[in-house]
**Q** 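Encoded as structure tokens, here's the structure I'll be asking about.
Since we're looking at a predicted model, the values are computed, not measured. Ligands are counted one by one from 1 in listed order, and the atoms in each one are counted from 1 as well.
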Amino acid sequence: MFVVMSVTATETEILGVKSQILEEGMTPHEHIGAERRVIAVVGEVGPRRQQLQNRLSSLPGVESITPISRPFKLTSREFHPEDTVIRVMDAVVGDGSLAIMAGPCSVESREQLLDTADAVKAAGATILRGGAFKPRTSPYSFQGLGVEALRYLAEARERTGLPVITEVMEANQLDIVAEYSDILQIGARNMQNYSLLNSCGRTQRPVMLKRGFGATVEELLMAAEYIVSSGNPNVMLCERGIRTFETYTRNTMDVSAVPLLHHLTHLPVIVDPSHATGKRWLVTPLALAGVAVGADGVMVEVHPNPDAALSDAEQQLNFDQFRAMMAAVVPMHELVRGQPHDPALPAAPVIAGSGGLGRH
Ligand code: PEP
Ligand code: MN
């Protein structure tokens, strides 16, 4: 449930509500929206629901108490109707623009990364990706350059001005990854690593949470709830394909997850057609599909010489292929931007100079 404060509520009344929630053994999470100030009551309510509701509704400054019907609370649209917009350096995710995260699957050398960073920046990427610590299916495969790769990523950021996203695989890598990286990536294999989620929730860095290949949309949102409830509101979600009976593609990109997530949550949604398909010639068509259904961004793997890549060689684009993908997705984004994707949601405000927000 969440408490809707009256527009005339004073700071003392808001504090009063928060301390009552704490006294009940629950945690208050405040959200100051465009039209109202609300406080979510988070924790195990159990049979005390009615009693708690009565107590809170009788406090001064309280207008009403609204139940949250979803199991995910802070990440739900019910609690937080406005889109979350994440700003990292000059990049913005979730404001109706299209974020493009591009770079190699793995950072393999300084030269490989800097060449790729220059090329993707020139073609319009807004965020640089590159794996330093790699979650590989085989322990005998290239595991990433680790801290050396983080240093190259920081150098590439200095050179291009692009913020950097890289994966953190374990809580004990978090300090070093957060030191060098602007966005923390939690990989599909770690989507339900709850201690890692909580640890990322305690940092100030935005987080991109990738959907596990066997995870439902609700499980993805519950995983995001761990991060947000630990104190980090800057979470974006990534559809990177799920495992189905189909074997021609590495995974099956769940295109419907994009508008579905936009309906259920205020968090931005990114698509990753590289891992979703595993085949380079399918990357642009699936990137287009993701953008067409309202994705806030695309993550794509780009390598100077994909065939020689130390990981995911079959799905990485070369520079020309990346430029061609950009030439396709940018007009698609212009076309769908401002389209009402979800008639159940209120119309999004129109941002000056744009056609409005992309998805509702
Ligand atoms: C990646 O983006 O480098 C990666 C390993 O992706 P995923 O976690 O989606 O497999
Ligand atoms: Mn990869």
Side-chain angles (χ1 to χ4, degrees), residues 99-108 112-113 116 120 125 127-139 141-146 149-150 152-153 164-170 173 177 181-193 196-197 200 206-215 217 219-220 223-224 227 235-244 249-254 257-258 261 269-280 282-283 286-287 290 295 297-318 321-322:
I100 302 286
M101 307 177 179
C105 175
S106 303
V107 176
E108 298 170 7
Q112 172 245 19
L113 181 70
T116 310
V120 299
I127 297 169
L128 176 66
R129 70 147 282 149
F133 296 98
K134 294 302 300 177
R136 302 305 302 280
T137 303
S138 164
S141 302
F142 177 60
Q143 304 285 310
L145 294 180
L150 295 177
Y152 299 150
L153 285 165
V164 160
I165 179 169
T166 195
E167 178 165 353
V168 53
M169 282 172 46
E170 321 171 7
Q173 292 167 349
V177 175
S181 172
D182 305 292
I183 305 173
L184 303 169
Q185 176 172 323
I186 299 179
R189 292 156 190 80
N190 264 323
M191 190 204 85
Q192 286 179 313
N193 179 342
L196 180 63
L197 299 175
C200 290
V207 176
M208 186 175 86
L209 176 64
K210 296 188 98 176
R211 180 179 181 181
F213 35 71
V217 162
E219 286 163 343
L220 171 62
I227 306 171
V235 178
M236 53 194 113
L237 306 169
C238 179
E239 167 57 42
R240 47 76 74 208
I242 51 174
R243 187 162 286 176
T244 67
T249 47
R250 184 176 180 186
N251 292 288
T252 298
M253 190 164 116
D254 181 5
V258 177
L261 284 166
V269 182
I270 308 296
V271 290
D272 171 352
S274 304
H275 292 90
T277 62
K279 289 186 163 62
R280 101 173 36 101
L282 283 173
V283 169
L286 271 295
V298 179
M299 169 171 264
V300 59
E301 290 186 338
V302 182
H303 191 285
N305 180 8
D307 288 333
L310 298 181
S311 58
D312 288 348
E314 287 174 29
Q315 70 193 33
Q316 302 207 55
L317 303 184
N318 66 26
Q321 289 159 342
F322 177 65

**Q** Using the rule side chain to side chain donor-acceptor pair (under 3.5 Å), only one of Arg211, Lys210, Gln315 pairs with Asp272; which is it?
**A** Lys210
**Q** How wide is the angle at the Mn ion (ligand 2) between NE2 in His275 and SG in Cys105, to the nearest 10°?
**A** 170°
**Q** For the pair Arg280 and Asp307, find out whether any cationic side-chain nitrogen is under 4.0 Å from an anionic carboxylate oxygen.
**A** yes
**Q** Within the structure, is a non-hydrogen atom of Arg211 found at a distance of less than 4.0 Å from ligand 1?
**A** no
**Q** Tell me the closest heavy-atom pair linking Leu286 and Pro273, and the distance in Å.
**A** CB-CB, 3.7 Å
**Q** Provide the number and element of each atom of ligand 1 under 4.0 Å from a heavy atom of Gly187.
**A** 8 (O)
**Q** Can you name the N, O or S atom of Glu301 that is closest to the Mn ion (ligand 2)?
**A** OE2
**Q** Should you measure from each heavy atom of Glu167, which atoms of ligand 1 turn up under 4.0 Å away?
**A** 5 (C)
**Q** Can you tell me how far apart CD (Gln143) and CZ (Arg136) are? Round to the nearest 0.5 Å.
**A** 7.0 Å
**Q** Is there a donor-acceptor contact under 3.5 Å linking the side chains of Asp312 and His275?
**A** yes
**Q** In the protein, which heavy atom is nearest to atom 6 (O) of ligand 1, and how far is it?
**A** Lys210 NZ, 2.9 Å
**Q** Please determine which of Asn190, Ile186, Val235 meets the side chain to side chain contact (heavy atoms under 4.5 Å, CB included) test together with Cys200.
**A** Ile186
**Q** Side chain to side chain contact (heavy atoms under 4.5 Å, CB included) between Phe133 and Leu150: does it pass, once the steps are laid out?
**A** CA-CA 9 Å; Phe133 296 98; Leu150 295 177; 4.0 Å; yes
**Q** Looking at Glu314, I'd like to know if its CD atom is crowded, meaning that more than 12 non-hydrogen atoms belonging to other residues, nucleotides or ligands lie closer than 6.0 Å.
**A** no
**Q** Considering both backbone and side-chain atoms of Asp272, is one of its nitrogen or oxygen atoms within less than 3.5 Å of a nitrogen or oxygen in ligand 1?
**A** no
**Q** Decide whether an N or O pair under 3.5 Å exists between Ala188 and ligand 1.
**A** yes
**Q** Tell me which N, O or S atom of Asp312 sits nearest to the Mn ion (ligand 2).
**A** OD2
**Q** For atom 4 (C) of ligand 1, what's the nearest protein heavy atom and its distance?
**A** His275 NE2, 3.5 Å
**Q** Which residue supplies the protein heavy atom nearest to atom 9 (O) of ligand 1, what is that atom called, and how far is it?
**A** Arg240 NE, 2.6 Å
**Q** For ligand 1, which atoms sit closer than 4.0 Å to a heavy atom of Arg129?
**A** 1 (C), 2 (O), 3 (O)
